[in-house]
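As structure tokens, the structure follows; a few thoughts come after it.
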Amino acid sequence: IAGITQAPTSQILAAGRRMTLRCTQDMRHNAMYWYRQDLGLGLRLIHYSNTAGTTGKGEVPDGYSVSRANTDDFPLTLASAVPSQTSVYFCASSDSSGTSQYFGPGTRLTVL
Amino acid sequence: QQQVKQSPQSLIVQKGGIPIINCAYENTAFDYFPWYQQFPGKGPALLIAIRPDVSEKKEGRFTISFNKSAKQFSLHIMDSQPGDSATYFCAASSPSSGGAGSYQLTFGKGTKLSVIP
């Protein structure tokens, strides 16, 4: 099935714990993105990657890290989760034109 | 600094009505303006998009109107249906600082549309 998969679907996490959100795409897109969605704030870019081996910071990168070892996978890591990181996280990818971004189904994360 | 301002936050229309959602932007480097539709529990999906060299684009019942001088664009949904009930996001993009081939999207805060039968 073509598209983007994210795991887990949802997670409850204790503050201070480390967590990695997984994202895999099978469209061979070069660019990938991580967003967080919070009520009333819309979607905000956390990190992005133009191509395998490169990453960049978005609007709200603090507390998050990413890696891009290959084209298909783009994991997002919270090294030490805090309650303000409670959110819905979306992974997205785009082709070489960069204009149309395709989103995954999201991960709902609750940090207590 | 909010670079894309979207209004209204919520909108209720009767079936068959024409909801209009407005967005304004500040950054003149933006060169691509997509609209996304999001249903509850799902990720956003690209609905329609426009570039600043045209003033209007239609795809089915969805129309984008674009005013470059005013730095504003809007989404119109003709003959709206209950199935159109969703949250709509406008966005604007420009080439990322990381290099060519990757565009960063700046989103508006969203409009929750409810179409009542």
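Naming convention: chains lettered A, B, ... in sequence-line order (proteins, then strands); numbering from 1 in each chain. Excluded from the calculations below are hydrogen atoms, water molecules and symmetry mates; all remaining heavy atoms, backbone and side chain alike, are included.
- Listed for the B/Gln6 side chain is a donor-acceptor partner under 3.5 Å among the backbone atoms of B/Cys90.
- Salt-bridge annotation for A/Asp72 and A/Arg28: present, with a side-chain N of the basic residue lying under 4.0 Å from a carboxylate O of the acidic one.
- Of the listed residues B/Pro34, B/Gly110, B/Pro44, the one with more heavy-atom pairs under 4.5 angstrom with chain A than any other is B/Pro44.
- Note: A/Phe103 and A/Phe90 have perpendicular aromatic rings, judged against thresholds of 30 and 60 degrees for the angle between ring planes.
- Contacts of A/Tyr102 with chain B are absent, with no heavy-atom separation under 4.5 Å from either backbone or side chain.
- Between the side chain of A/Thr55 and the backbone N or O of A/Ser49, no donor-acceptor pair lies under 3.5 Å.
- In this structure, chain A has no heavy atom under 4.5 Å from any part of B/Gln9.
- For chain B, the nearby part of A/Leu45 is the side chain; its heavy atoms alone come within less than 4.5 Å.
- Note on A/Gly106, A/Gly56, A/Gly40: by heavy-atom pairs under 4.5 Å with chain B, the leading option is A/Gly40.
- Taking the six-membered ring where the residue is Trp, B/Phe33 and B/Phe66 present tilted rings, their angle falling between 30° and 60°.
- When heavy atoms are compared at a cutoff of 4.5 Å, A/Gln6 does not approach chain B at all.
- Of the listed residues (A/Leu41, A/Val88, A/Asp38), the greatest number of heavy-atom pairs within a distance under 4.5 Å of chain B belongs to A/Leu41.
- With a 4.5 Å cut-off on side-chain heavy atoms, A/Asp73 and A/Arg22 do not count as touching.
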